[in-house]
**Student:** 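Please read through the structure below; I'll follow up with questions.
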Amino acid sequence: MIDEAAVEQFKASLRGELLQPGDPDYDEARKVYNGMIDKRPRMIARCSDVADVISCVNFARENEMLLAVRGGGHNGGGLGVADDGLVIDLSAMRGVRVDPDAQTVRVEGGARWGDVDHATHAFGLAVPTGIISTTGVAGLTLGGGHGYLSRKYGLTIDNLLEADVVVADGSLVKASEQENEDLFWAIRGGGGNFGVVTSFLFRGNPVSTVYAGPMLWELDRAEEILRWYREFSPQAPEDMYGFFAFLTVPPAPPFPEHLHGKKMCGIVWCYLGAMERAEEAFRPIRQQVGPPAFEFLGPMPLPVLNSLFDALYPPGLQQYWRGDFVTELSDEAIAMHLRYGPEVPTMHSTMHLYPIDGAPHRVGGHETAFSYREATWSAVFFGVDPDPANNERIISWTTEYFDAVHPYSGGGAYVNFMMDEGQERVKATYRDNFEKLVAIKNEYDPTNLFRVNQNIRPTTTV
Ligand SMILES: Cc1cc2nc3c(=O)[nH]c(=O)nc-3n(C[C@H](O)[C@H](O)[C@H](O)COP(=O)(O)OP(=O)(O)OC[C@H]3O[C@@H](n4cnc5c(N)ncnc54)[C@H](O)[C@@H]3O)c2cc1C
C-alpha cells in the first residue's frame with residue numbers, strides 16, 4: 001500500500017495530470033491499441049516534460065511500484081501498460097523539430113510516426129518508419145524499426161544519432177557514439193529495458209514523393225509469386241522495396257467490388273528513385289510475373305504511403321501476434337505458407353514478409369543490440385478482428401501458422417512483433433549480444449525497474 005499523503009505529494013510535483021481509478025479519463029487513458037489488452041494501472045501519469053518523467057521514475061523506485069512506459073501504446077503485447085503499476089504516459093510529449101541545415105530531426109518520446117512524417121515532409125526529409133503512422137516513435141525505434149525506407153536507408157536505429165534517457169536512478173543521461181556508448185549500443189534494439197527515452201535525434205534522409213502501392217494476385221498464383229519474390233526482392237536495387245502479404249481484400253475503395261472479401265496474395269511496393277524512371281523500374285516486375293489481378297500503384301507523398309493502412313487498423317481491434325526472422329525462404333517454408341496463408345481467418349488478419357536486407361546488412365551484428373543483421377525478412381503473423389468472439393479463431397490460426405513455418409526461420413524474432421513468449425525467445429532474438437545487454441542492464445538498471453518489456457533481466461537481482 002502506498003501512503004495517500006505520498007501520492008498527493010507526488011501528484012503535486014507533476015506538471016501533467018495523475019489519473020487514478022475512478023477519475024473520469026482513467027478508463028480511456030488505460031486503453032492501448034490492442035483491444036485484447038485490459039489492464040488496470042494504479043496510476044497513470046501524463047507527463048508534460050522531462051522533470052515529470054524524473055519524478056515518476058523516482059516515485060516508482062522509492063515505492064517499489066511496477067513501472068510501465070507508454071510511447072504510442074501500439075505494442076502487441078500491451079507493454080505500454082501494467083496492472084497495479086504506475087504508467088508513464090508520454091502521449092503529451094509529441095514535439096518534433098527539424099533542423100533543415102543539419103538534416104536532423106529531434107523527436108520527443110511520446111510522438112507518433114505521423115507527427116514525424118508531417119514535420120519532416122515539409123523539408124523533403126524522412127526517417128525510416130513502420131507502415132502505420134499512429135505507431136509510437138519510441139517503442140518502434142527501441143526495438144529496431146523497419147519499413148518502406150529500410151532497404152535504402154537502414155533500420156530506424158541506423159538513423160539514430162543521439163537520445164536523452166532518464167535512467168533508473170532518476171538521472172538524465174545522453175546516449176550517442178560519443179557519450180555513454182554502451183547505453184547507445186543497448187537502446188538500438190534492446191527495447192525499453194534501460195530507461196525512459198524523452199528525446200531522440202535522427203538523421204533525416206532526402207525522401208519526398210515515392211512511387212508506391214499494392215499489387216494483388218489470385219491465390220492460385222501464390223506459389224509462383226512467392227518463388228519469384230524470394231529471388232527478385234534480395235537482388236532488387238535498394239530503391240525498390242516490396243513486402244509480401246496474404247490478405248483479404250477490404251470492402252472499400254480503391255479495391256473493385258468484385259474483389260471485396262476475396263482472399264488473395266499481394267506485394268505492397270515503394271520505389272524511391274526518380275519518378276520519371278519509376279515505370280521503367282517496374283517493367284521487369286511486370287515482364288516476369290505478368291499483370292496482377294489488381295494494382296493501385298502511382299506517385300504519392302511518403303506520408304500518404306505511411307498512413308495508407310491506418311483506417312484499416314484503427315485502435316481497439318483484437319490482435320494476436322507472432323514474428324520470426326527469415327534468412328532464406330526455403331521450398332519447405334513456402335509449402336507451409338501456402339497451407340496457412342490462404343486460410344487467413346478474418347478480414348484484418350494477415351501475414352507479411354518485410355524486407356530487412358540492403359542497408360541494414362551493412363551494419364554488423366555486434367554494432368548494435370539488434371542482432372539479426374543477416375536476416376532477409378522480418379515476418380509477422382497477425383491475427384486480428386474487431387469481435388472478441390473470434391479470438392479463438394485468430395489465436396489458433398496465428399500460432400498454428402507460426403509453429404509450422406518457424407522451423408525454417410532464422411531462430412529469433414523482431415522484439416516488436418512478440419507477445420509474452422518467455423526468456424528463451426528473448427535470448428534467441430539477441431543471441432550472442434544477450435550477455436552484453438545483461439552487463440549494461442546490470443549497470444543502468446540493477447533492480448530491473450524497467451521490466452514491462454521484452455525483459456533483459458539483470459543478474460544483480462534474484
Ligand atoms: C498495426 C501495427 C503495425 C506495425 N508495423 C510495424 C512496422 O512496419 N515496422 C516496425 O518496425 N514495427 C511495426 N509495428 C510494431 C511496433 O514497432 C511496436 O508495436 C512498438 O512496440 C510500438 O511502439 P509504441 O511506442 O507505440 O508502443 P508502446 O506500447 O507505447 O511501447 C512499447 C514498448 O516500448 C517501451 N517504450 C515506449 N516508449 C518508450 C520510451 N519513450 N522510452 C523507453 N521505453 C519506451 C514500452 O515500455 C514498451 O515496452 C507495428 C505495430 C502495429 C500495431
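Computed from a prediction, not measured in an experiment: that's the story for all the values here. Whatever order the structure lists them in is the order used to number ligands and atoms, beginning at 1. Quick note: residue numbers are just sequence positions, from 1.
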**Student:** Should the pair R431 and Y372 be classed as cation-pi, given the thresholds of under 6.0 Å to the six-membered ring centre and 45° from the axis?
**Tutor:**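 Ring-cation test returns yes.
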**Student:** Would you tell me whether S133 and D310 have side-chain atoms, one donor and one acceptor, within less than 3.5 Å of each other?
**Tutor:**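 S133 vs D310: donor-acceptor pair found between side chains.
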**Student:** Looking only at distance, does A138 have an N or O less than 3.5 Å from an N or O of ligand 1?
**Tutor:**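 Checking ligand 1 against A138, no N or O pair falls under 3.5 Å apart.
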**Student:** Would one find an N or O of I131, backbone or side chain, under 3.5 Å from an N or O of ligand 1?
**Tutor:**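 Among all N and O atoms of I131, at least one is under 3.5 Å from an N or O of ligand 1.
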**Student:** With respect to L142, determine whether any N or O atom, backbone or side chain, lies less than 3.5 Å from an N or O atom of ligand 1.
**Tutor:**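 No; the residue has no nitrogen or oxygen that sits under 3.5 Å from a nitrogen or oxygen of the ligand.
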**Student:** Verify the distance criterion only: is there a donor paired with an acceptor across the side chains of R151 and S233 at less than 3.5 Å?
**Tutor:**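 No, S233 and R151 have no side-chain donor paired with an acceptor closer than 3.5 Å.
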**Student:** Students should be able to answer this: which protein heavy-atom is nearest to atom 46 (C) of ligand 1, and at what distance?
**Tutor:**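 Checking every protein heavy atom, the shortest distance to atom 46 (C) of ligand 1 gives V69 O, 3.0 Å.
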**Student:** Is ligand 1 less than 4.0 angstrom away from at least one heavy atom of S378?
**Tutor:**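 S378 does not count as a contact of ligand 1 under the 4.0 Å cut-off.
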**Student:** What protein heavy atom sits nearest atom 9 (N) of ligand 1, and how far away is it?
**Tutor:**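 Looking only at protein heavy atoms, the one closest to atom 9 (N) of ligand 1 is H146 O, 2.7 Å.
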**Student:** Does only the side chain of W321 get under 4.0 Å from ligand 1, or the backbone, or both, or neither? Count heavy atoms.
**Tutor:**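 For W321, only side-chain atoms sit under 4.0 Å from ligand 1.
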**Student:** Between V165 and ligand 1, which residue portion shows a heavy-atom distance shorter than 4.0 Å: side chain, backbone, both, or neither?
**Tutor:**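 Contact part for V165 vs ligand 1: neither.
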**Student:** Ligand 1 versus I132, non-hydrogen atoms closer than 4.0 Å: side chain, backbone, both, neither?
**Tutor:**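 The answer is the side chain.
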**Student:** Could you check if a side-chain atom of K436 sits within less than 4.5 angstrom of a side-chain atom of W185, using non-hydrogen atoms only?
**Tutor:**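 In contact.
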**Student:** Can R106 and S199 be counted as having a side-chain donor-acceptor contact under 3.5 angstrom?
**Tutor:**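 Yes, because at least one side-chain N or O of R106 sits under 3.5 Å from a partner of the opposite role on S199.
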**Student:** Would you mind listing which atoms of ligand 1 come within a distance below 4.0 Å of any non-hydrogen atom of G80?
**Tutor:**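 By the 4.0 Å cutoff, the relevant atoms are 29 (O).
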**Student:** What I want to know is whether G71 and ligand 1 share at least one N or O pair that is separated by under 3.5 angstrom.
**Tutor:**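 By distance alone, the answer is yes.
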**Student:** Could you list the atoms of ligand 1 found under 4.0 angstrom from a heavy atom of G145?
**Tutor:**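 In order of numbering, the contacting atoms are 11 (O).
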**Student:** So is R70 polar-close to ligand 1, meaning N/O to N/O under 3.5 Å?
**Tutor:**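 N/O-N/O distance below 3.5 Å does not exist for this pair.
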**Student:** Considering only non-hydrogen protein atoms, determine which one is nearest to atom 17 (O) of ligand 1 and report residue, atom name and distance to 0.1 Å.
**Tutor:**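 Of the protein heavy atoms, N416 ND2, 3.2 Å lies nearest.
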**Student:** With heavy atoms only and a cut-off of under 4.0 Å, state how F417 meets ligand 1: side chain, backbone, both or neither.
**Tutor:**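 For F417, the contact with ligand 1 is made by the side chain alone.
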**Student:** Is there any N or O on V137 that sits under 3.5 Å from an N or O of ligand 1?
**Tutor:**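 No, V137 has no N/O under 3.5 Å of an N/O on ligand 1.
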**Student:** Please determine, by modelled atom types, if Y408 and D324 share a side-chain donor-acceptor pair under 3.5 angstrom.
**Tutor:**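 No, D324 and Y408 have no side-chain donor paired with an acceptor closer than 3.5 Å.
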**Student:** Check the pair V167, F194 against side-chain contact (heavy atoms from CB on, under 4.5 Å), reporting the backbone distance first and the verdict last.
**Tutor:** CA-CA 6 Å; V167 292; F194 303 92; 6.0 Å; no
**Student:** Test your reading of the structure: does Q319 have an N or O sitting under 3.5 Å from an N or O of ligand 1?
**Tutor:**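 No, no N or O pair falls under 3.5 Å.
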**Student:** N442 and T459: side-chain donor and acceptor closer than 3.5 Å?
**Tutor:**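 Result is yes, a qualifying pair exists.
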**Student:** Report yes or no: does a heavy atom of Y33 sit under 4.0 Å from some atom of ligand 1?
**Tutor:**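 True for this residue.
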**Student:** Quick one: sort the H146 and F417 rings into parallel, tilted or perpendicular, breaks at 30° and 60°.
**Tutor:**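 Correct class here is perpendicular.
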**Student:** Which bit of L90 is near ligand 1, meaning a heavy atom under 4.0 Å away: side chain, backbone, both or neither?
**Tutor:**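 Just the side chain.
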**Student:** Going by the angle between their ring planes, with limits at 30° and 60°, are H74 and Y33 parallel, tilted or perpendicular?
**Tutor:**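 If you compare the ring of H74 with that of Y33, the planes turn out parallel.
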